[in-house]
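Indexing begins at 1, ligand by ligand and atom by atom, following the structure's order. If you read the sequence from its start, that first residue is 1, and numbering goes on from there.
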Amino acid sequence: MTVVIIVNFKSYEEGTGRRGFELARICERASLDSGVDVVVCPPLVHLGQYADELSVPVYAQHVDGARVGSYTGHVTPMSVKEGGGQGTLINHSERRMRIADIERAVAECRRVEISTVVCTNSIGVSKACASLAPTYIAIEPPELIGGDVPVTKAKPEVISGAVEAIKSIDKGIEVLCGAGIKTGKDVRKAIELGSSGVLVASGVVKSKDPEKAMMDLVSGVP
Ligand code: G3P
């Protein structure tokens with residue numbers, strides 16, 4: 001199992017434009033210095049530029065279920081791939097999708113060969129999405145997102161329960177968790193509970209010292 005730390009810049013001002021790129025460089029340095037896999041998810045319009053300039057993988061924050069063709073304003077998996085993206089989040093809590101669209105998006109990402117991180121809010125939804133065979137399922141209780149109490153402390157049983165449920169359906173899917181993750185201690189706990197890494201946003205993007213926050217996070221990987 002390779003541990004991964006995925007940093008979602010969301011639509012935060014600190015994660016957009018020049019400031020976002022500085023943040024991405026901080027994530028890259030933390031990865032290079034520690035040897036830990038770090039992925040960045042910038043706002044979509046920056047994906048190509050970041051992918052060209054960074055040595056860490058860049059994922060999209062969202063793709064639509066649409067295939068290529070007559071779909072105005074959609075983000076297609078193929079456009080993410082052609083832009084240099086190596087993967088994408090799907091069904092994030094702040095960008096929910098219908099199950100039929102999640103299925104189409106995962107299938108199209110598989111066809112164009114990019115990784116998929118399907119986000120879920122519960123063990124039940126995790127089980128439903130496990131049958132779609134994404135690369136990762138990331139469990140994130142929505143009420144803890146953006147807060148100060150990490151999911152690893154507030155709901156450890158949801159992480160271990162999701163790991164058990166997902167692995168019983170498809171052992172090949174790696175499980176991630178997120179919501180309120182801020183420290184290396186949180187990352188260590190997430191791994192102890194059976195996950196292969198974390199999704200983090202405000203703990204890095206909104207931090208007064210993102211460099212320190214990133215170095216602390218990677219220090220939690222054994
Ligand atoms: O995508 C990760 C995210 O939803 C978690 O947000 O701010 O709780 O780290 P945050």
Enquirer: With respect to Ile181, which candidate in Val204, Leu199, Leu217, Leu144 satisfies the side chain to side chain contact (heavy atoms under 4.5 Å, CB included) definition?
Expert: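 Answer to the side chain to side chain contact (heavy atoms under 4.5 Å, CB included) test with Ile181 among Val204, Leu199, Leu217, Leu144: Leu217.
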
Enquirer: Could you tell me whether some N/O pair between Gly203 and ligand 1 is separated by less than 3.5 angstrom?
Expert: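 It does not: no N or O of Gly203 is found under 3.5 Å from an N or O of ligand 1.
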
Enquirer: Starting from atom 7 (O) of ligand 1, locate the nearest protein heavy atom and write down its residue, its atom name and how far away it is, to 0.1 Å.
Expert: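 Its nearest protein heavy-atom neighbour is Ser202 OG, 2.5 Å.
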
Enquirer: Taking only heavy atoms of Asn8 into account, list the atoms of ligand 1 that are under 4.0 Å away from them.
Expert: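 Heavy-atom distances to Asn8 below 4.0 Å select 1 (O).
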
Enquirer: Please verify whether a non-hydrogen atom of Ala179 lies at under 4.0 Å from ligand 1.
Expert: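 Ala179 counts as a contact of ligand 1 under the 4.0 Å cut-off.
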
Enquirer: Would you check whether Ser93 reaches within less than 4.0 Å of ligand 1, judged by its heavy atoms?
Expert: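 No, Ser93 has no heavy atoms under 4.0 Å from ligand 1.
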
Enquirer: Answer with yes or no whether Lys10 contacts ligand 1, where contact means a heavy atom under 4.0 Å from a ligand atom.
Expert: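 Lys10: in contact with ligand 1 (<4.0 Å).
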
Enquirer: What distance separates His46 NE2 from Phe9 CZ, expressed to the nearest 0.5 Å?
Expert: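 Here the interatomic distance stands at 9.5 Å.
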
Enquirer: Show which atoms of ligand 1 fall inside a sub-4.0 Å distance from at least one heavy-atom site of Ile145.
Expert: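 Every atom of ligand 1 under 4.0 Å from some heavy atom of Ile145: 4 (O), 6 (O), 8 (O).
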
Enquirer: If you measure every N/O of Glu94 against every N/O of ligand 1, is any gap under 3.5 Å?
Expert: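 By distance alone, the answer is no.
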
Enquirer: Going by the order shown, which atoms of ligand 1 are within less than 4.0 Å of some heavy atom of Gly146?
Expert: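 So the answer, numbered in order with elements, is 7 (O), 8 (O), 10 (P).
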
Enquirer: Which of these, Ile114, Val118, Thr135, sits in a side chain to side chain contact (heavy atoms under 4.5 Å, CB included) with Cys109?
Expert: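 Of all the options given, the one that passes is Ile114.
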
Enquirer: Between Glu14 and Lys206 (side chain of the first, backbone of the second, donor and acceptor by atom type, cut-off under 3.5 Å), is there such a pair?
Expert: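 Looks like no, no N/O pair under 3.5 Å.
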
Enquirer: So does Glu108 pair up with Arg111, basic N to acidic O under 4.0 Å?
Expert: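 Salt bridge between Glu108 and Arg111, a charged N being under 4.0 Å from a carboxylate O: yes.
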
Enquirer: Do Gln86 and Ser115 pair up side chain to side chain, a donor and an acceptor below 3.5 Å, judged on atom types alone?
Expert: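 Not at all, the side chains of Gln86 and Ser115 share no donor-acceptor pair under 3.5 Å.
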
Enquirer: At what distance is the nearest protein heavy atom to atom 9 (O) of ligand 1, and which residue and atom is it?
Expert: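 Answer, as residue, atom name and distance: Ala201 N, 2.8 Å.
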
Enquirer: Keeping the roles fixed (side chain from Asp216, backbone from Thr183), state whether a donor-acceptor pair exists under 3.5 Å.
Expert: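 Answer holds: no.
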
Enquirer: Among all protein heavy atoms, pick the one closest to atom 4 (O) of ligand 1 and tell me residue, atom and distance.
Expert: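 For this ligand atom, the closest protein heavy atom is His92 NE2, 2.8 Å.
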
Enquirer: Using a plain distance cutoff, I'd like to know if Leu199 has any nitrogen or oxygen under 3.5 Å from a nitrogen or oxygen of ligand 1.
Expert: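 The answer is no, given that Leu199 and ligand 1 share no N or O pair closer than 3.5 Å.
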
Enquirer: With atom 2 (C) of ligand 1 as the reference point, say which of Glu140, Lys182, Arg95 has the nearest heavy atom.
Expert: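 Looking at heavy atoms only, the winner is Glu140.
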
Enquirer: Could you tell me which atoms of ligand 1, counted from 1 in the order shown, lie closer than 4.0 angstrom to a heavy atom of Val200?
Expert: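 Listed by number with element, the hits are 9 (O).
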
Enquirer: Would a distance-only check, ignoring hydrogens and angles, find a side-chain to backbone donor-acceptor pair under 3.5 Å from Lys167 to Ile173?
Expert: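 Yes; at least one donor-acceptor contact below 3.5 Å.
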
Enquirer: Please name the residue in the list Leu47, Thr88, Asp64 that meets the side chain to side chain contact (heavy atoms under 4.5 Å, CB included) test with Val75.
Expert: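 The option that passes is Asp64.
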
